[in-house]
Amino acid sequence: MTIIQELIRDDYSFERAEAIQIKYQNLMKKISKNEYFTSIKHINTIAGVDISYFKDNNNEYGIACAVIWNLKENLKESHFLTTKDPIKFPYKPSFLGFRECKLLAKVISKVPNKPDLIMCDGHGKIHPRRFGEAVHLGYALDIPSIGIAKNPFIGFSDWHKIERVKGNKSSIWAKNPKYLGKEESNDLLGYAVCLNSGNKPVFISEGYKISLNLALKICLATTINHRQPEPLYLADYLSRKDIKYYN
DNA sequence: GCGACAG
DNA sequence: ATCTTGTCGC
């Protein structure tokens with residue numbers, strides 16, 4: 001079975017799904033940093049993806065949207081795509097990838113040119129098994145990815161205390177630094193970051209083949225005047241409202 | 001032990 | 001995520 005066949009599925013039991021996460025969490029560790037992006041200059045197109053839900057009668061459907069954001073063409077080549085499909089996997093914290101990746105992979109497959117980076121509306125490494133939706137999707141498609149969530153999940157930080165000024169951030173640690181032994185190590189899972197002055201911070205973490213610092217830099221560079229980076233804000237907006245975009 | 005917990 | 005009116009604030 002190929003990686004994509006094993007990860008892009010929505011028919012696992014929770015037990016099986018957890019076993020898959022553990023398997024790939026371990027495989028993730030073997031990826032060389034040489035394969036990571038080293039500079040924002042190497043990125044041409046970013047795909048911001050999100051899903052909105054609605055119910056028919058007893059059936060649940062999702063509308064996935066991918067906004068293609070072209071950095072080098074100064075936004076002139078930006079556009080978006082959507083798909084509508086049934087949702088099979090139930091929502092459960094730590095298993096979001098199995099609920100949404102099938103749809104997200106499908107909408108990305110419709111993009112004419114494979115994007116250089118994916119921005120995901122959900123956590124990446126900030127996950128009990130370091131396998132949040134952003135990691136899951138990036139790994140499945142072998143496309144670098146970033147997790148950008150609107151709410152905290154696991155980890156310890158004083159994000160609620162940061163001033164709402166663009167660029168301000170707070171580290172999110174795996175263990176509570178307050179109760180950390182002198183010789184004990186900790187794990188930096190991500191950052192809570194204010195991307196737009198006046199707005200509540202978002203939670204940024206590594207997805208796939210990208211460092212936390214570069215992920216942070218890219219998020220700051222693509223945020224215009226909303227709480228989230230513009231590609232994600234638009235994907236959220238467009239998946240919810242089927243409207244026309246500039247061509 | 002119990003509850004909380006991304007979207 | 002989604003169901004939803006008026007309302008507080010920049």
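Keep in mind that the numbers below use all heavy atoms, side chains included, and drop hydrogens, waters and symmetry copies. Not measured: the values here are computed from a predicted model. Proteins get letters first, then strands, A, B, ... in listed order; numbering begins at 1 in each.
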Please encode protein proximity along nucleotides 5-10 of chain C as a string of B, S and -, counting only heavy-atom distances under 4.0 Å.
------
Across the strands shown, which category fits A/Pro128 at heavy-atom distances under 4.0 angstrom: base, sugar-phosphate, nothing?
nothing
Rounded off to whole Å, could you give me the CZ-to-C1' distance for the A/Phe203 and B/dA6 pair?
10 Å
One thing to verify: whether A/Arg130 and A/Asp187 come together as a salt bridge, which I'm taking to mean a side-chain N less than 4.0 angstrom from a carboxylate O.
yes
Give a yes or no on this: more than 12 heavy atoms of other residues, nucleotides or ligands lie within 6.0 Å of atom CG of A/Asp11.
yes
Using only side-chain N and O atoms of A/Lys150, determine if any of them is under 4.0 Å from OP1 or OP2 of C/dA1.
yes
Nucleotide pairing, DNA chain B (Watson-Crick or G-U, distances under 3.5 Å), in dot-bracket with [ ] and |:
.......
Evaluate the ring planes of A/His136 and A/Phe98, with Trp represented by its six-membered ring, and classify them as parallel (under 30°), tilted (30 to 60°) or perpendicular (over 60°).
perpendicular
Given 3.5 Å as the limit, does a donor-acceptor pair link the side chain of A/Tyr12 with the main chain of A/Glu6, or not?
yes
Check the orientation of A/Tyr139 and A/Phe131. Use parallel for under 30°, tilted for 30 to 60°, and perpendicular for over 60°.
tilted
Kindly check if the number of other-residue, nucleotide or ligand heavy atoms within 6.0 Å of CD (A/Glu163) is above 12?
no
Separation of B/dA6 atom P from A/Leu232 atom CG, nearest Å, is 17 Å
Six-ring centre of A/Tyr61, A/Lys84 cation under 6.0 angstrom, axis tolerance 45°:
yes
Pair A/Phe203 + A/Phe153: ring centers closer than 6.0 Å:
no
Could you check whether any side-chain heavy atom of A/Lys166 comes within less than 4.5 Å of a side-chain heavy atom of A/Leu220, counting everything from C-beta outward?
yes
Residue A/Arg240, side-chain atoms from C-beta onward, closest of B/dC5, C/dT2, B/dG7:
C/dT2
Atom CD1 of A/Ile172 to atom C1' of B/dA6: distance rounded to whole Å?
12 Å
Distance, rounded to the nearest Å, where A/Phe14 contributes CZ and B/dC5 contributes P:
17 Å
Rounded to whole Å, the CE-P distance (A/Met119 to B/dA6) equals 22 Å
Rounded to whole angstrom units, what separation is found between the NZ atom of A/Lys92 and the C1' atom of B/dA4?
13 Å
What integer distance in Å separates A/Arg99:CZ from C/dT2:P?
10 Å
Could you check whether A/Lys209 makes a cation-pi contact with A/Phe37, meaning its NZ or CZ is under 6.0 Å from the centre of the six-membered ring and within 45° of the ring axis?
no
Can you check whether A/Asn151 has a side-chain N or O nearer than 4.0 Å to OP1 or OP2 of B/dC5?
no
Nearest-Å distance, NZ (A/Lys241) to P (C/dA1)?
15 Å
Describe the nucleic acid contact of A/Phe95 in one word from base, sugar-phosphate, nothing, applying a heavy-atom distance below 4.0 Å.
base
Looking at A/Lys114, I'd like to know if its NZ atom is crowded, meaning that more than 12 non-hydrogen atoms belonging to other residues, nucleotides or ligands lie closer than 6.0 Å.
yes
Considering only heavy atoms, which members of residues 49-57 of chain A lie under 4.0 Å from some atom of DNA chain C?
A/Ser52, A/Tyr53
Using the ring of A/Tyr53 (Phe, Tyr or Trp, six-membered ring only), decide whether A/Arg99 places NZ or CZ under 6.0 Å from its centre and within 45 degrees of its axis.
yes
